[in-house]
Amino acid sequence: MSEPFLNIRGIRKTFGSFTAVRDVTMDIAQGEFMTFLGPSGSGKSTTLYILAGFQDPSGGDIFLDGRSLLATPSHRRNIGMVFQRYTLFPHLTVGENVAFPLRIRRRPQAEIAERVRAALKLVRLEGFEDRKPANMSGGQQQRVALARALVYNPPVLLMDEPLSALDKKLREEIQFEIRRIHQETGVTILYVTHDQEEALRLSDRIAVFSQGEIDQIGTGPELYAAPATRFVAEFIGDSNFIETSIVSTDGRQARLVLPGGAMIDGVPLHGAASPGGRAALLLRPERIDLQRGEGEGALAGEVYDVTFLGNNVHVLVGMNDVAPVSVRIPFGHAALAGLTPGERVSLRFNAADTHAFLEPPAA
Amino acid sequence: MALWATAGATGNGKRDGSLGYLVPALLLVVIFFIIPVLMLLLRSVLEPEPGLQNYATLLGSTTYLRIFLNTFIVAAVVTILSVSIGYPVAWLLAIMPEKWSRLVLAIIILSMWTNLLARTYAWMVLLQRTGVINKTLMGLGLIDAPLPLVNNLVGVTIGMTYIMLPFVILPLMGVIRAIDPGILRAAALCGAGRLQCFLRVLLPLSLPGVAAGALMVFVMSLGYFVTPALLGGTSNMMLAELVAQFVQSLVNWGMGGAAALVLLVVTLALYAVQLRYFNPNAAR
């Protein structure tokens with residue numbers, strides 16, 4: 001990665017007594033694809049809008065190439081943006097829409113024509129110059145919006161859930177296009193979404209937002225393998241949480257007691273905990289080894305339900321005093337052929353595959 | 001036959017058998033609109049004797065041409081003033097917080113519901129030589145003698161602009177409100193400052209509203225009677241006053257009909273222009 005290119009420093013945004021964004025800080029490298037992932041109301045869109053200049057932060061600063069952006073109004077920031085809703089100018093044709101930023105910048109006619117053609121080629125809409133936006137599909141409109149946002153070669157492209165209005169198949173198609181365009185142009189992209197699959201598919205790094213704060217920033221595999229908070233663990237990938245109590249801890253790892261009384265040692269622990277405290281143990285459904293019968297597994301239970309999902313099989317295991325645990329096993333796993341509800345099973349797992357998150361003391 | 005074809009072309013797709021339901025409405029239009037207009041047309045070419053002499057008199061006399069000219073100038077000025085004052089008001093109403101825009105809208109609509117004569121007499125009081133406006137201007141030392149604001153076309157223009165304003169503001173407000181603020185944000189990020197946003201995006205998108213409001217005001221102004229009769233002078237008549245004079249004072253239905261029909265033809269021509277160039281359905 002090159003020099004820090006876009007630096008967000010302690011951005012805060014309050015509306016009256018409500019804090020929408022608190023202390024968001026991150027460095028984004030030139031050419032990076034960074035996704036803000038989080039549920040609605042987590043502050044990810046507000047952060048993007050502050051970058052766009054539609055809202056002023058209550059505190060903090062943003063630097064692009066070492067210079068603060070905050071004093072610059074939206075129309076002078078030279079940033080590209082694609083919005084959630086269709087925002088093409090309905091009175092202009094596709095070609096005029098894409099030419100709009102260049103006309104505003106008073107570029108020569110020949111250059112405008114050339115760059116509009118190149119931008120439409122980039123989004124694979126050559127020959128659509130004379131169409132009106134109203135005569136195009138949602139996916140096509142968003143591609144025109146992308147061409148309009150890129151035609152003036154902005155250093156940064158903001159995308160605010162641009163695919164949320166499209167159906168699943170089209171969404172995946174355009175995700176692929178966005179990846180290709182990112183690779184072809186090398187533009188730095190900040191992308192907002194609430195869809196973890198979309199985030200994982202597109203991004204170099206993901207910033208997980210929760211309640212106005214960033215819980216963790218990392219690549220998809222990092223977030224999945226080493227979630228910093230229970231929220232991140234829940235948001236990236238599927239997860240089971242089992243309530244345990246802490247026997248001992250050295251600060252980084254812990255020895256825990258599972259609900260059945262079994263002990264498990266060497267679990268990575270997040271948060272400062274002391275023995276006797278409670279911790280939620282994360283078990284990934286695909287990292288659990290399911291054995292028939294009462295074995296020497298850490299947990300034992302009864303099969304509640306078996307669901308065939310194509311390439312894998314989903315087994316729901318019920319246990320005393322614990323919420324059912326879901327386990328995913330590859331289809332055709334010989335030892336588990338013909339598994340039926342009611343059968344006794346045991347669950348085993350590696351401590352290194354799990355994570356323990358501190359639970360707040362019971363009220 | 002032309003009527004059926006038009007109904008079919010502009011109808012919203014439900015054609016099967018629904019034309020039957022239009023018969024009462026069509027009868028109403030024919031009995032109360034088309035037949036009277038045809039009778040007027042007939043009288044204008046038959047009275048006092050068959051021929052086009054009524055039209056010849058009307059279009060051949062400088063007095064009458066002067067009245068036509070007055071009418072068009074006043075209607076045009078009123079339209080321009082209404083649009084220039086109404087556009088910013090409509091824009092403000094569209095972007096104001098809801099509770100304020102409701103209040104302002106209520107005031108505008110309430111004034112529309114107030115009796116037309118009462119409002120016009122009120123302007124007469126305000127504009128007269130010893131009225132509030134002249135007294136204030138003289139009190140401030142801006143003028144030495146009262147300005148002639150009433151009993152002339154200035155008074156007519158002021159009074160009519162006031163009456164026509166809601167007809168511009170209401171449709172325009174609807175059009176401006178329907179513009180997605182996201183589009184203006186997109187324009188800003190594309191590099192457009194406030195002026196560029198207005199000229200290149202907001203104004204073109206609100207043009208159908210401007211055209212609709214302007215046409216309504218212009219056409220209404222062309223045939224307006226009460227305000228010109230009360231605030232205007234005897235020397236500068238407008239067309240509606242002329243028609244009233246022919247019919248009421250001179251009992252000359254032929255000339256009255258001819259004047260009314262000239263007005264109607266002009267109005268229809270303007271409507272056709274609006275349909276051709278500013279119809280939002282045809283434009284997209």
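By convention in this document, chain letters (A, B, ...) are assigned in the order of the sequence lines, proteins followed by strands, and residues within each chain are numbered from 1. Below, each value reflects all heavy atoms present in this structure, side chains not excepted, and no hydrogens, waters or symmetry copies. Fair warning: this is a prediction, and the values are worked out from it, not measured in the lab.
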Please check if atom CZ in A:R180 has more than 12 non-hydrogen atoms from other residues, nucleotides or ligands closer than 6.0 Å.
yes
Which atoms of A:L88 come close to chain B, meaning under 4.5 Å heavy atom to heavy atom: side chain ones, backbone ones, both, or neither?
backbone
For chain B, the option from A:M81, A:R77, A:Q84 that forms the most heavy-atom pairs under 4.5 Å
A:M81
Where along residues 176-201 of chain B does a heavy atom come under 4.5 Å of chain A, listed by residue number?
B:D180, B:G182, B:I183, B:R185, B:A186, B:A187, B:A188, B:L189, B:C190, B:G191, B:A192, B:G193, B:Q196, B:R200, B:V201
At a heavy-atom separation under 4.5 Å, does A:R85 approach chain B through its side chain, its backbone, both, or neither?
side chain
With A:D61 via side-chain hydrogen bond (donor to acceptor under 3.5 Å, both in side chains) - residues at least two apart
A:S68
I need the contact set between residues 142-152 of chain A and chain B: heavy-atom distance under 4.5 Å, sorted by residue number.
A:R148, A:Y152
Around atom CZ of A:F15, are there more than 12 heavy atoms of other residues, nucleotides or ligands at under 6.0 Å?
yes
Considering only residues two or more places apart or on different chains, which pairs with a residue in residues 107-116 of chain A satisfy side chain to side chain donor-acceptor pair (under 3.5 Å)?
A:R107-A:E111, A:E111-A:R115, A:E114-A:R117
So with a 6.0 Å cut-off around CZ of A:R76, is the heavy-atom count from everything else above 12?
no
